[in-house]
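Heads up: the structure comes next, in C-alpha cells.
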There are 2 protein chains.
Amino acid sequence: MTEEFIFSPAQVGRAGEDVALQIEAAILNGKFQPGERLPSERDLQRQFHTGRGVIREAMGALKQKGLIEIKKGAKGGAVVKNVEMHLVSESLALFLKQRRVEAQYLIEVRESMDRTITNLAIARATAEEKAGLVEGAKKLVRLLQAQEPDMVAVFELDRELNLLLARMTRNPVFEWIMRAMQSGLASHDHSLYDDPAYRERTGVNWLQTARGIARGEPLQALSFIGYHYVMLRDCLAKARMGDQTTADDIPRYPLEIGPAATQGVPDNGDVAASGGK
Amino acid sequence: MTEEFIFSPAQVGRAGEDVALQIEAAILNGKFQPGERLPSERDLQRQFHTGRGVIREAMGALKQKGLIEIKKGAKGGAVVKNVEMHLVSESLALFLKQRRVEAQYLIEVRESMDRTITNLAIARATAEEKAGLVEGAKKLVRLLQAQEPDMVAVFELDRELNLLLARMTRNPVFEWIMRAMQSGLASHDHSLYDDPAYRERTGVNWLQTARGIARGEPLQALSFIGYHYVMLRDCLAKARMGDQTTADDIPRYPLEIGPAATQGVPDNGDVAASGGK
DNA sequence: CTCGATTGAATGGTAGTACCATTACCGAGC
DNA sequence: GCTCGGTAATGGTACTACCATTCAATCGAG
C-alpha cells in the first residue's frame, strides 16, 4: 500500500517557493486539469516531507496567481482554476497606481486602442451588433438628459458599450485589454460624465460614434472618437486649472436622436445636442 | 511610553487577507515610501494582535504582488519596493498560456500596437534616436547574413529595437506594453528568424521600416510593418501546414544597405535582399 | 591604534502541535 | 420521506520552539 508520490521533497532555504513552483509546473503541464482537486494540505505535507506551513505558503502563492481556488470543509481543498483576466487587470492597476502614471499617457494609449478597435469592429461586426451599439448609445443619452442622472447606471452602460465594441472585433484579446483598461485606466472617463458641461455632449458623441460604426464609416467614427478625447483632455485640464477655462472652447456637433426602439420613450422625445439649460 | 499602533486588529475568518489589505493600503497611501522598511514580523504580530503565521501569510501575498521585498538577517525585514512591469507581464503570460490563445489573435494585437507606436515614434523621436534605430537594423541584417546566425544575439537585438521604438513614442506606457508583449506574446516572432526562408527578408524589412521612420514617412513605414506581419502569418501557416506552401508567394523588396556606421564592417559590405543561396 | 575574528542580537524561515470553523455526508429518529 | 444532529475531513488560526542568515558591536592579536 505505497502511496503515489508525484512530488519531490523541497529544498531547504526557500521551501515554500520550491513547492509552489513544483505544483504550478504540474498544473501547467496538465498533470492537474482545471476543476480537478489537489491533494489535501496534510497529504502534500507528507509528500513534500515538510511542515504544513510551507504547504500553506505555497498554496497562498498559487491562490494569489489565480491558479487555484481554496474551499473549506470536507471535500474542500484546492481546486485548479482557470486564470481570470480580472487578476491580470488588478496586477496592472496596482502597477499603474504605484507609478502614478500621468493621465495624459494613459489617455493616449486608450485613444489609440479605441481607434484600432473601432476600425476592426466596423469591418467585422454583424448588423445586429452595430444596431445594438446604437441603441445602447441612445439609452446613454437619455440617461444623461435627466436632471440628476443616475451615474451608477451611466458608468455601467458606458462600460458595457465599450466591452460590446471590443467584442465586435472578433478578437478576444481586445476584449481583455478593454477590461484591463476599465479596471485600471478608466477612472478618468468618469470626469467627463461628472462635469455637467461635458456630460450631455459626451453621450451625444457616443451616439454619433456608434452611428458612424453602424453606417460603416470609419473616418466619421474616428472623428467622433477624436472629439471624445479632445473633450476628455480639456475636461481634465479644466479640473486641474481650477475652472479657469470654460468648456465652451469646444465646438458642438448638433444632432437629433430620433425615437427609441426599446424603452418606453415617447416618439416625440427627440434629443437636441444643444444642451445648456 | 505607549507604542504607536497604526493598524487595527484583524477580523477573524480571513485574518491574513485583512492584514494584507491594511498594509497594502498603507503602502499605496504613501504611509510607507518605497525603500522604507516595514516593522518586523514580530512587531506586526503585536500590532495586529494575531499570530505570526497570519503576518507571514500577508507578507507572502504582498511579496507575490511585488509590493515588498523580504530580506533575512538583522536589519532585514520587509522593504517597500516599486512594482515591476516584469510581474504584470508574468501575470499576463500565465493567463495567455493557460488560455491557449490562438496566435492569430495575438499577432493582430501586436500589429495594431506596432502601427500605433510607429506613428507616434515618427512624430516625436529625435533624429539621433531615429538614426540609432537604422543603425540597429543594419546590425540586425548583418547578423542575419552569417551562415549560421547567432540567434541569441538576433533575438536580443530584435527585442532592443522594439523597445527603442516604443521608447521613441515618449509615452512610457507603450514601452511597458511592449515589454509585456515580448515576455508573453512574442514567442511567434522567433519563427520568422528561425526559418531560413524568411530570416534575411525579415531583417531587411526591419531596416526598411527603420528607414521609413527615420525619413518621417509614416505610410512607408507602415507598409513595411504590414509586410512583416504578412510574412509572419505566412510563416506560421507554413509551419502549421507542414511546408505545403513555399515562402516564395511573398514578393521581395530589393534593397541596398550601405556602409555601417559603428561596427568594423567593410564599406563594400552592402546587402542585397535577393537572399536565397 | 588598526585590522581581523568572534560573538551576540535581530530577523526571517521551518517544523510541529493543538485547536477552531466550515462543510459534506450519513444515519437515527420523527 | 424528511429533518435533525453527529461525525469526519479539511482549511484557518494560534502558539511555541528552533534553525539560518545577516549585521554590528566587541574583543584580541599585531
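Since the model is a prediction, treat every value here as computed from it, not as a measurement. Order of the sequence lines sets the chain letters (A, B, ...), proteins ahead of strands, with each chain counted from 1.
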Would you classify Gly53(B) as touching base, sugar-phosphate or nothing, given that sugar-phosphate means primed atoms plus P, OP1 and OP2, and contacts are heavy atoms under 4.0 Å? nothing

Give the rounded distance in Å between these two atoms: [atom1] of [X] and [atom2] of [N].
X: Arg46(B); N: dT16(D); atom1: CZ; atom2: C1'; value: 15 Å
X: Leu38(B); N: dA10(C); atom1: CG; atom2: C1'; value: 16 Å
X: Ile70(A); N: dA21(C); atom1: CD1; atom2: C1'; value: 16 Å
X: Asp43(B); N: dT11(C); atom1: CG; atom2: C1'; value: 10 Å
X: Arg56(A); N: dT10(D); atom1: CZ; atom2: C1'; value: 11 Å
X: Leu44(B); N: dT13(D); atom1: CG; atom2: P; value: 16 Å
X: Met59(A); N: dG11(D); atom1: CE; atom2: C1'; value: 9 Å
X: Lys71(A); N: dA21(C); atom1: NZ; atom2: C1'; value: 17 Å

Arg170(B) and Glu129(B): salt bridge (charged side-chain N to carboxylate O under 4.0 Å, His left out), yes or no, with the steps? CA-CA 11 Å; Arg170(B) 294 283 178 278; Glu129(B) 285 173 322; 3.0 Å; yes

For Asp114(A), which residues count as a side chain to side chain donor-acceptor pair (under 3.5 Å) partner, sequence neighbours excluded? Tyr229(A)

Salt-bridge test for Lys139(A) and Glu160(A): reply yes if a basic N is under 4.0 Å from a carboxylate O, no otherwise. no

Of all residues at least two apart in sequence or in a different chain, which pass the salt bridge (Lys or Arg N to Asp or Glu O under 4.0 Å) check with Arg42(A)? none

Passes salt bridge (charged side-chain N to carboxylate O under 4.0 Å, His left out), Glu108(A) versus Arg124(B)? Steps please. CA-CA 14 Å; Glu108(A) 187 169 277; Arg124(B) 299 180 182 168; 2.5 Å; yes

Which nucleotide sits closest to the side chain of Glu41(A): dG13(C), dG12(D), dA14(D)? dG12(D)

Closest nucleotide among dG13(C), dT13(D), dT11(C) to the Glu57(B) side chain: dT13(D)

Classify the angle between the aromatic ring planes of Phe155(B) and His190(B) as parallel (below 30°), tilted (30 to 60°) or perpendicular (above 60°). parallel

Every protein N/O within reach of nucleotides 17-27 of chain D N/O, cut-off under 3.5 Å:
from    : atom 1 : to       : atom 2 : distance (Å)
dT22(D) : O2     : Ala74(B) : N      : 2.9

Are Lys63(B) and Glu57(A) close enough, and set up right, to give a salt bridge (charged side-chain N to carboxylate O under 4.0 Å, His left out), and what steps lead you there? CA-CA 12 Å; Lys63(B) 186 174 139 194; Glu57(A) 185 181 332; 5.1 Å; no

Output yes when at least one side-chain N/O atom of Thr50(B) is less than 4.0 Å from OP1 or OP2 of dA14(D), else no. yes

